[in-house]
Amino acid sequence: MTKTNASLFERACLSIPGGVNSPVRAFKSVGGTPRFVARSFGPHFWDAEGTQYIDYIGSWGPAILGHAHPEVVKAVQEAAVHGMSYGAPTEAEVIMAEALIARIPSIEQVRLVSSGTEATMSAIRLARGATGRPKIIKFEGCYHGHADSLLVKAGSGLLTFGNPTSAGVPPEFVAHTIVLDFNDIAGVEAAFKQYGPEIACIIVEPMAGNMNLVKPVPGFLECLRDQCTQHGALLIFDEVMTGFRVGPQGVQGLSGVTPDLTTLAKVIGGGMPIGAFGGRKDIMQNLAPVGAVYQAGTLSGNPVAVAAGLKTLELLAAPGFYERLGATTTALMQGMVERAQAHHIAFNADSEGGMFGMYFSEKIPTCLADVSSSNINMFNRFFHLMLDQGVYLAPSAYEAGFVSAMHDDQIIQTTLDAADHAFKQLSN
Ligand SMILES: *Cc1c(COP(=O)(O)O)cnc(C)c1O
């Protein structure tokens, strides 16, 4: 039997819920059959049928050097020979911690975990433990992994506690989570006015990448910093997506706003499972075994993952890396906007470093409601028109896109030619 994406998906659905190990892979919002990846290299992957795609998700961010970078692969192979996991400390973990501390000034101490979800979940427990306060603030449309207290959306009313967005999360578990609109400065001030002494932390994607790309408006991050400082709460930047993606020091480097704690994952693992949370030493000292906040992990600081991460961080430090990456992404987005305009499609785009957003709307969104009011249906058609031409975009209008260092001028031109054709079809 020849393997097709359709036959694999059908088979997968028998043994795996929905056929996938993470929901967005299932193409539910765009429709159609998910592509089953057989292999990848540089800016491309190939599906089970041998079809080649230019990849603009890059494993949802980690593949910033392109897929299967030979030096990263070599580092992984060399580490694996010595064993996959020890459950005892290694020098490489210390080097990794030192590398993160050297690169991100707000991080004085750091702990490694195995995913972004673990990093944010642990950072929030730490913030609550360090402040002795129960409440947290998060923003609508920001994603911080799938810990119970973070699977929450705004309830009705101006300033309310959220409702769970997932079955299996009792309302009591999100009772301490205040949900506000991204970029809503007045909302943040009002929340602190009402609940200030009870608020342990704000957790925010300082540049949102999980409701498509949505940048902070001027003053928003500064307001978060001011309010937290004034009220004794901690500011957590969830840079799981933006860390080493939008620039060498994440959004904190671009904005000059310094968080108390930072969460990282994705790029820092170079494609292997790694997460990290770190920040002010006085706060980090609350973690077990020195402090009273418990946090642990059998595979934390895994030697193979650390090897991939360290090599990736080393390659990212090449002079001009982010300038080149940013120029490529900007050229791609400018080209997209020009082609959409030529076919009179309401379309906008934005980018930062190697991360981009495309919006079928008249304006660049500043919050989740803006993204929701864009033409989702047209995006879904665009997605399939591009896919049919061998360009793999994120299969949802609510996701950002990612460019790697291996996306060269030729790849960008091929993508823009495909987009021209797709926009033309949409204009008919
Ligand atoms: C991906 C992501 C997470 C979750 O990371 P996982 O490794 O998928 O658990 C958390 N926060 C942000 C901002 C993310 O983009």
Side-chain angles (χ1 to χ4, degrees), residues 104-111 119-145 147-155 158-162 173-208 216-217 219-240 242-243 250-252 255-264 277-287 291-295:
I104 303 195
S106 71
I107 299 184
E108 295 170 355
Q109 284 202 321
V110 62
R111 182 162 277 176
T120 55
M121 183 185 82
S122 306
I124 284 174
R125 184 181 307 138
L126 174 59
R128 284 176 162 151
T131 59
R133 300 172 174 188
K135 296 195 190 310
I136 64 174
I137 292 178
K138 90 169 277 285
F139 296 95
E140 195 92 286
C142 287
Y143 177 69
H144 306 292
D148 284 339
S149 67
L150 295 167
L151 290 178
V152 53
K153 64 175 187 308
L158 216 53
L159 187 60
T160 56
F161 295 99
F173 282 33
V174 298
H176 290 301
T177 309
I178 302 169
V179 185
L180 303 173
D181 275 328
F182 192 72
N183 279 325
D184 178 9
I185 291 174
V188 174
E189 289 168 353
F192 273 99
K193 201 162 176 205
Q194 190 164 350
Y195 298 107
E198 290 174 80
I199 297 172
C201 66
I202 295 177
I203 185 164
V204 64
E205 285 184 79
M207 191 174 287
V217 297
F220 178 62
L221 297 177
E222 289 79 0
C223 156
L224 303 185
R225 180 65 277 172
D226 286 353
Q227 290 292 314
C228 282
T229 304
Q230 250 183 61
H231 295 271
L234 302 180
L235 180 58
I236 305 175
F237 274 7
D238 179 359
E239 301 229 42
V240 165
T242 53
V251 180
Q252 50 199 279
S255 67
V257 176
T258 304
D260 300 297
L261 294 172
T262 299
T263 56
L264 298 164
F277 64 105
R280 275 168 45 196
K281 185 177 174 185
D282 63 310
I283 300 169
M284 293 300 287
Q285 287 288 312
N286 286 281
L287 283 174
V293 177
Y294 190 69
Q295 187 278 328

Undergrad: Decide side-chain contact (heavy atoms from CB on, under 4.5 Å) for Asp260 and Arg225; before the verdict, give the C-alpha distance in whole Å, the side-chain angles of both, and the deciding distance to 0.1 Å.
TA: CA-CA 9 Å; Asp260 300 297; Arg225 180 65 277 172; 3.0 Å; yes
Undergrad: Go through the side-chain N and O atoms of Gln295 and Arg125 and say whether any donor and acceptor fall under 3.5 Å apart.
TA: no
Undergrad: What are the two closest heavy atoms between Phe182 and Pro206, and how far apart are they?
TA: CZ-O, 4.3 Å
Undergrad: Within the distance-only criterion (no hydrogens, no angle test), does the side chain of Gln230 pair as donor or acceptor with the backbone N or O of Gln227 below 3.5 angstrom?
TA: no
Undergrad: Check whether any side-chain heavy atom of Leu150 lies under 4.5 Å from a side-chain heavy atom of Ile124, and answer yes or no.
TA: yes
Undergrad: I need the Thr258 OG1 to Ile107 CD1 distance, nearest 0.5 Å.
TA: 11.5 Å
Undergrad: Of all heavy-atom pairs between Val152 and Lys138, which one has the smallest distance, and what is that distance?
TA: CG1-CD, 3.6 Å
Undergrad: What's the shortest heavy-atom distance between Val257 and Leu221, and which atoms?
TA: CG1-O, 3.7 Å
Undergrad: Report yes if the side chains of Thr242 and Glu205 come closer than 4.5 Å at any heavy-atom pair, otherwise no.
TA: no
Undergrad: Donor-acceptor pair, Arg111 side chain versus Phe277 backbone, under 3.5 Å?
TA: no
Undergrad: Looking at NE2 of His176 and CZ of Arg133, how far apart are the two atoms once the value is rounded to the nearest 0.5 Å?
TA: 14.0 Å
Undergrad: Can you measure from NZ (Lys135) to CD1 (Ile202) and round to the nearest 0.5 angstrom?
TA: 14.5 Å
Undergrad: How far apart are the closest heavy atoms of Ser149 and Thr177, and which atoms are they?
TA: O-OG1, 2.9 Å
Undergrad: Using 0.5 Å steps for rounding, measure from the CD atom of Glu108 to the CD1 atom of Ile283.
TA: 8.5 Å
Undergrad: Could you pull out the closest heavy-atom pair between Phe139 and Val179, with the gap in Å?
TA: C-CG1, 4.5 Å
Undergrad: For Met284 and Leu126, what are the C-alpha separation, side-chain angles and deciding distance, and is it a side-chain contact (heavy atoms from CB on, under 4.5 Å)?
TA: CA-CA 8 Å; Met284 293 300 287; Leu126 174 59; 3.7 Å; yes
Undergrad: Do the side chains of Ile178 and Ile199 get nearer than 4.5 Å, heavy atoms only?
TA: yes
Undergrad: Going through the distances and angles, do Glu239 and Met207 end up as a side-chain contact (heavy atoms from CB on, under 4.5 Å)?
TA: CA-CA 8 Å; Glu239 301 229 42; Met207 191 174 287; over 6 Å; no
Undergrad: Checking Phe237 against Val204 for the side-chain contact (heavy atoms from CB on, under 4.5 Å) test, could you report, in this order, the C-alpha distance in whole Å, the side-chain angles of both residues, the deciding distance, and whether it holds?
TA: CA-CA 5 Å; Phe237 274 7; Val204 64; 3.7 Å; yes
Undergrad: Mind checking whether Met121 and His144 have side chains closer than 4.5 Å, heavy atoms only?
TA: no
Undergrad: Measure the spacing between CG of Asn286 and CZ of Arg280 and express it to the nearest 0.5 Å.
TA: 10.0 Å
Undergrad: CG of Leu287 to OG of Ser122: how many Å apart, nearest 0.5 Å?
TA: 8.0 Å
Undergrad: Do the side chains of Asp238 and Cys142 get nearer than 4.5 Å, heavy atoms only?
TA: no
Undergrad: If I compare all heavy atoms of Ala191 with all of Ile137, which pair ends up nearest, and what's the gap?
TA: CB-CD1, 4.0 Å
